[in-house]
Structures are given as structure tokens and as C-alpha cells.
S.K.: 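Here it is, the structure in full.
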Amino acid sequence: MAMRLILASASPRRRELLAQAGYEFSVEAADLDESRCEGEAAEAYVRRLAEEKAQAVFARHGEEDGAAAVPLVVLGADTSVVCDGEILGKPVDAKDAMRTLRVLSGRRHEVLTGVAVVTRAGVVSDVETTEVTFSRIAEAELAAYCATDEPLDKAGGYGIQGYAARWIPRIDGCYFNVMGLPIARVVRMIEEAAGANPTHRDEAAMNGAPKFRA
């Protein structure tokens with residue numbers, strides 16, 4: 001399917017997964033305030049951020065898209081780790097990583113990834129959820145892990161593809177979702193959104209920012 005695809009994320013893991021799925025794309029991070037709104041549920045939070053990231057990058061290229069021979073498609077995503085209703089973001093330092101991983105140790109939690117695809121027709125968005133089970137982590141091992149840089153750029157303080165894999169005996173759901181991009185769902189959304197792109201620019205649709213839910 002002919003299109004110009006932009007990934008609105010600087011995440012190296014998302015970039016690797018999208019390339020693995022066979023796409024050619026460029027990368028443009030969206031510089032946004034990612035603060036959670038008061039009372040906002042985790043699912044609504046990741047979905048909103050995914051949409052806002054994709055919309056912000058699409059807006060930079062709106063005029064180019066109107067004259068382009070192929071449609072512009074922008075993909076945004078946001079991942080959060082949730083345990084007992086608490087959103088566990090990226091640790092700010094080693095002490096915060098220790099606190100976060102103690103919460104997860106020996107328990108089950110959810111990884112939620114909001115995904116949004118923006119075209120000139122509007123926004124398609126969805127949320128993928130994977131349940132992850134952690135073994136109990138020994139304090140000495142936890143301290144050694146948190147002394148490295150590995151926890152600091154990852155929601156929940158861990159990456160399933162890294163050292164923390166040794167603590168995860170079971171997941172229920174999409175493995176790639178835990179890495180930050182539920183690739184099978186993303187492929188389906190991109191194909192559906194790009195296929196629905198109108199031949200001519202729909203200014204009313206863009207101004208109204210319609211949202212077609214997957």
C-alpha cells in the first residue's frame with residue numbers, strides 16, 4: 001500500500017518493531033506535556049497521549065499531505081505499566097526504579113499501550129492490554145539491576161526483552177505490546193486507515209478532528 005509513514009516516537013524499540021514488520025518510515029518525536037489529567041483512567045491516558053502525539057506530528061505536515069501523491073500516515077503510541085490502579089511510569093533515578101520494581105515483584109500487573117493512526121480522514125485509535133506475571137525479585141539482584149541505566153527509559157522500570165526477562169515466567173496477551181508496540185494490531189490499523197484515506201483533502205474533517213474508534 002503506497003503511503004508516507006511517520007512514527008511519532010523516539011523509542012528505539014518501537015522503531016525496531018515497525019521495521020521488523022516490513023515498513024519504511026521516518027521518525028519524528030512529538031514534544032508534548034505527558035502529564036496525566038486528574039482522575040484520568042490509565043486506558044484513557046495512554047489512548048489520549050497516543051492520539052496527541054500522532055496529531056501533533058501530522059499537523060506539521062498537513063499542507064504537504066494535501067499536495068502529495070501518496071497519503072501521509074502518522075503512528076503514535078504510549079505505554080504504561082499499571083499495578084493496582086497505579087500507573088508506574090519511567091523511573092527518574094535508581095531509587096525510583098527500586099521502588100517501582102518492588103511494587104511489581106512477585107505480582108501480576110498490566111501493560112497498556114495506546115496506539116493512534118492519523119490520516120487526513122481523521123484518527124483511528126485503540127488500546128492493547130497484556131497481563132505480566134513477575135517472580136519475586138531478591139533485593140541484592142534488584143539493587144544490582146537498578147545500579148545500571150537499563151530501568152531508566154522504560155515504563156515500569158523494565159524491558160521484557162532485557163535482563164528483566166528472567167523475572168517473567170508468564171504473560172497473557174501480546175509480547176510485543178510489552179515492548180511498546182502491539183505490532184499485529186498496528187499493522188491492521190495502518191492498513192485500514194490508509195485504505196480509508198480519501199483522494200482529496202477533506203478540510204472539514206481535519207478541522208473537526210473526527211475520531212474513528214477501532
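Along the sequence shown, residues carry numbers from 1.
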S.K.: Can you sort out the partners of E150 under side chain to side chain contact (heavy atoms under 4.5 Å, CB included), two or more places apart, ordered by chain and number?
M.R.: Y145, T148, K154, Y163

S.K.: Give me each pair satisfying salt bridge (Lys or Arg N to Asp or Glu O under 4.0 Å) with a member in residues 16-31, each pair once, sequence neighbours excluded.
M.R.: E28-R60

S.K.: Is there a side-chain contact between V82 and L112, using heavy atoms and a 4.5 Å cut-off?
M.R.: yes

S.K.: Of all the heavy-atom pairs spanning A94 and L152, show the shortest one and how long it is.
M.R.: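 That closest heavy-atom pairing would be N-CD2, 4.2 Å.
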
S.K.: Should K53 and L32 count as side-chain neighbours, where that means a heavy-atom distance under 4.5 Å?
M.R.: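 A side-chain contact under 4.5 Å exists here.
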
S.K.: Provide the closest heavy-atom pair for R48 versus E40 in the form atom of the first, atom of the second, distance.
M.R.: NE-OE2, 2.7 Å

S.K.: Is any side-chain heavy atom of L18 closer than 4.5 Å to a side-chain heavy atom of L75?
M.R.: yes

S.K.: With rounding to the nearest 0.5 Å, note down the distance linking CD in E192 to OG1 in T119.
M.R.: 12.0 Å

S.K.: Which heavy atom of L101 sits nearest to which heavy atom of C146, and what is that distance?
M.R.: CD1-SG, 3.8 Å

S.K.: Kindly write out the residues that satisfy side chain to side chain contact (heavy atoms under 4.5 Å, CB included) with D93, not counting sequence neighbours, or none if the list is empty.
M.R.: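 Partners of D93 by the side chain to side chain contact (heavy atoms under 4.5 Å, CB included) criterion, ordered by chain and then number, come out as K95, D96.
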
S.K.: Between K90 and D153, is the closest basic N to carboxylate O distance under 4.0 Å?
M.R.: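 A salt bridge is absent here (no side-chain N lies under 4.0 Å from a carboxylate O).
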
S.K.: Provide the closest heavy-atom pair for A193 versus V124 in the form atom of the first, atom of the second, distance.
M.R.: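 Result for this residue pair: CB-CG2, 4.3 Å.
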
S.K.: Any salt bridge (Lys or Arg N to Asp or Glu O under 4.0 Å) involving residues 156-172? Give me the pairs, sequence neighbours left out, ordered by first then second residue.
M.R.: E141-R166, R170-D172

S.K.: Please tell me if the side chains of L88 and C83 come closer than 4.5 Å, counting only heavy atoms from C-beta onward.
M.R.: yes

S.K.: What's the shortest heavy-atom distance between Q55 and V123, and which atoms?
M.R.: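 Closest approach of Q55 to V123: NE2-CG2, 3.3 Å.
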
S.K.: Any chance you could measure I190, atom CD1, to M3, atom CE, to the nearest 0.5 Å?
M.R.: 5.5 Å

S.K.: For A50, enumerate each residue passing the side chain to side chain contact (heavy atoms under 4.5 Å, CB included) test, keeping only those at least two apart in sequence or located in another chain.
M.R.: A116

S.K.: Which pairs would a plain distance check flag for residues 130-137, meaning a side-chain donor or acceptor within less than 3.5 Å of a matching protein atom at least two apart in sequence or in another chain?
M.R.:
residue, atom, partner, partner atom, Å
T130, OG1, C174, N, 3.2
T130, OG1, C174, O, 2.9
T130, OG1, N177, ND2, 3.0

S.K.: Consider side-chain contact (heavy atoms from CB on, under 4.5 Å). Of L7, V117, V57, which one does V74 pass it with?
M.R.: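 With V74 as partner, side-chain contact (heavy atoms from CB on, under 4.5 Å) holds for just one option, V57.
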
S.K.: For residues F58 and V73, determine if any side-chain heavy atom of one lies less than 4.5 Å from a side-chain heavy atom of the other.
M.R.: no

S.K.: To the nearest 0.5 angstrom, please state how far the CD atom of Q20 sits from the CG atom of L181.
M.R.: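 Here the rounded value is 10.5 Å.
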
